[in-house]
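Okay, so here's the structure we're looking at.
Just so you know, ligand 1 is whichever comes first in the structure, and atom 1 is the first atom listed for that ligand.
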Amino acid sequence: MNILLCAAEVAPFAKAGGLGDVAAALPKAWEFLGHNSVVILPKYGHIDIEKYGIEPTQFVISVPVGTWMEYARLWIAKLPGSNVPAYFIQNSDYFDRDGIYGNPDGFTDNDRRFIFFSRAVFEATKALGFRPDIIHAHDNHTGFVPAFLSSFYRRDPFFARTASVLTIHNMAYQGIFEPKRSMEFSGFGMKSFYHGSWFEHNGAVNSMKAGIMFSEKITTVSPTYAQEIRWSKFGEGLQDVLEGRAADLIGVLNGVDYAEWNPVLDMNISLQYTPETLSRKEELKTRFLMKSGLSENEARQHIPLLGMVSRFTPQKGVEMLEKTIENFLSKGLLRIAVLGAGEQRYEDFFRYIRRKFPRRAFITIGYDIPLSHNIIAASDFLAVPSLFEPCGLTQLYALKYGTVPIVRATGGLADTVDEYDAGKMSGTGFVFDRYDRREFSSALQRALIAYRYQPHWKQLRQNGMAKNYSSEVSAANYINVFTWALQKIGVYIAGE
Ligand code: ADP
């Protein structure tokens, strides 16, 4: 199958969260499964072109917007660790600046930036002569892609047998735009915008809704989240829209690129380890604590380390740590290693904790990929107490690294972590249901008990390490979805 994946983030070139990881892992896995894929993303100003060997091509494409043309040059590199070509859309006006979205408030021209990108995807693939069976769009940034395909491009014989699939990574971000500006810029015009139209939601243009309505199939990143967004507030106002397309909405669990996240191979950590050599993991924890300023004696004390690597937004459940964690820290029951950045109030909370417990709380405010690997490897537990979580990747990394996840049973967290059962010695972590500090606290207490008792502690970690959430499994599931999407437009691929 020829698969064109377009996304606002593709790791390692440009990544803000899980979207970037998944957009990179899937094409690599499709290549392994024998499919051809091409990745397209914007060429942001902060992308390190030297580091990744990104070079200009001779292709300059014309992109129709509004009633005029704009232009973009294509740049190319290989997706690291693969032969998958990654093409970058260069347009200095839209993308030559720092950052992907301009968070926290977003760039004021994100409507034009991402509508332009969505349209450029078609012109780019045509210029390259890569005829896609599937265009796989991701999140609201490429929500206009399915709309462009079904309204404009399928008339072109080049795209006549192309179907689109939209993957929703997070319903909380929908791409809400001012109607006149975005409808005219996209070329649909205001005639396509009316109450109840596929572009309109609550009087504004909603890019996610357009993607949901125009794509052949819609997926989201875990089976539980696929249910949650249909019938509850998790749909963030679009639950009825999703319910209307329920027959085409499928949960495909995210997978991990185990070439990137694997304690046996990881070069970001100073010692590699397997389920049989967990003492090396202990040593990594000691090294991490000593690097953080503790003496060797302190670092070797039998005190568990709770890690957290996260964007600091209301979604991620930092509130669960407020109040509870102080109690555990002041009693000396655990230490914490936190890496994250985001909303001021959460950053301030962690700064406060760092000041109060300088020898127990190791907090880094910022974005640091090597450190994220080190914290996940060195910690005994990883906290993912999210309010909602479409899939969540850090708990999947934690499982592979023998780091026991403590999660709330929501979205993909519910699908991937099972409560440890000491009787059967089964299960991989600690799970709480209600978004309630006491419940989180009690899950943490259960975890601390398991930490103290062998053979449970070893078994619990090995259970997690034995799990397989590989991106290859996920990629194969997507191929099924793509086949169904093609069938919807009357295309049957032999042998698929
Ligand atoms: P989301 O996409 O909602 O942020 P996920 O768990 O799906 O959540 O993915 C988060 C990804 O971003 C993981 O790869 C995680 O390691 C990474 N990440 C989050 N915060 C940071 C940070 N401050 N520094 C480095 N990596 C981070």
> For ligand 1, which atoms have a heavy atom of Q315 less than 4.0 angstrom away?
Replying inline: 3 (O)
> Should D348 and R345 count as an ion pair when the cut-off is N to O under 4.0 Å?
Replying inline: no
> Which ligand 1 atoms are under 4.0 Å away from a heavy-atom of T394?
Replying inline: 6 (O), 15 (C), 16 (O)
> Any salt bridge between E243 and R230, counting N to O under 4.0 Å?
Replying inline: yes
>> Give the atom numbers and elements of ligand 1 that come within less than 4.0 Å of a heavy atom of S310.
In response: 20 (N)
> Should T277 and T274 be marked as a side chain to side chain donor-acceptor pair (under 3.5 Å) after you check the CA-CA gap, both sets of side-chain angles, and the distance that decides it?
Replying inline: CA-CA 5 Å; T277 56; T274 67; 3.1 Å; yes
> How close does the nearest protein non-hydrogen atom get to atom 22 (C) of ligand 1, and which residue and atom is it?
Replying inline: Y367 CD1, 3.4 Å
>> Which of the numbered atoms in ligand 1 are under 4.0 angstrom from any heavy atom belonging to G366?
In response: 22 (C), 23 (N)
> What atoms in ligand 1 come closer than 4.0 Å to a heavy atom of G340?
Replying inline: 23 (N)
> Roughly how far, to the nearest 0.5 Å, is the CG atom of L5 from the OG atom of S37?
Replying inline: 7.5 Å
>> I want to know if ligand 1 touches W261 in the polar sense, i.e. an N/O pair below 3.5 angstrom.
In response: no
> What protein heavy atom is closest to atom 9 (O) of ligand 1, reported as residue, atom name and distance in Å?
Replying inline: G18 N, 3.1 Å
> Relative to the heavy atoms of D21, which atoms of ligand 1 are at a distance of less than 4.0 Å?
Replying inline: 11 (C), 13 (C), 14 (O)
>> Checking contacts here: is it the side chain or the backbone of D368 that comes within 4.0 Å of ligand 1, counting heavy atoms only? Could be both or neither.
In response: backbone
>> Taking the basic N atoms (NZ, or NE/NH1/NH2) and the acidic carboxylate oxygens, is any pair closer than 4.0 Å for E343 and R311?
In response: no
>> Tell me whether I376 has any N or O atom under 3.5 angstrom from an N or O of ligand 1.
In response: no
>> Would E282 and Y273 count as a side chain to side chain donor-acceptor pair (under 3.5 Å) here? Give the steps.
In response: CA-CA 10 Å; E282 298 294 331; Y273 59 95; over 6 Å; no
> With a cut-off of 4.0 Å, which atoms of ligand 1 are near a heavy atom of R311?
Replying inline: 1 (P), 3 (O), 4 (O), 20 (N)
>> Closer than 4.0 angstrom, basic N to acidic O: yes or no for D266 and K400?
In response: no
>> For Q395, state whether at least one heavy atom is located under 4.0 Å from any atom of ligand 1.
In response: no
> Which of these passes side chain to side chain contact (heavy atoms under 4.5 Å, CB included) with F88: V39, I54, V10?
Replying inline: I54
> Should L393 be counted as touching ligand 1, given the test is an N or O pair under 3.5 Å?
Replying inline: yes
> Salt-bridged, R437 to E326, with N to O below 4.0 Å?
Replying inline: no
> Any non-hydrogen atom of G392 lying under 4.0 Å from ligand 1?
Replying inline: yes
> Any idea which protein heavy atom is nearest atom 8 (O) of ligand 1, and the distance to it?
Replying inline: K316 NZ, 3.0 Å
> What is the ring orientation for W198 with F214, classed by angle as parallel under 30°, tilted 30 to 60°, or perpendicular over 60°?
Replying inline: perpendicular
>> Among all the protein's non-hydrogen atoms, which is closest to atom 18 (N) of ligand 1, and how far away is it?
In response: V309 CG1, 4.0 Å
> Looking at F107, does the NZ or CZ of R113 lie under 6.0 angstrom from its six-membered ring centre and within 45 degrees of the ring axis?
Replying inline: no
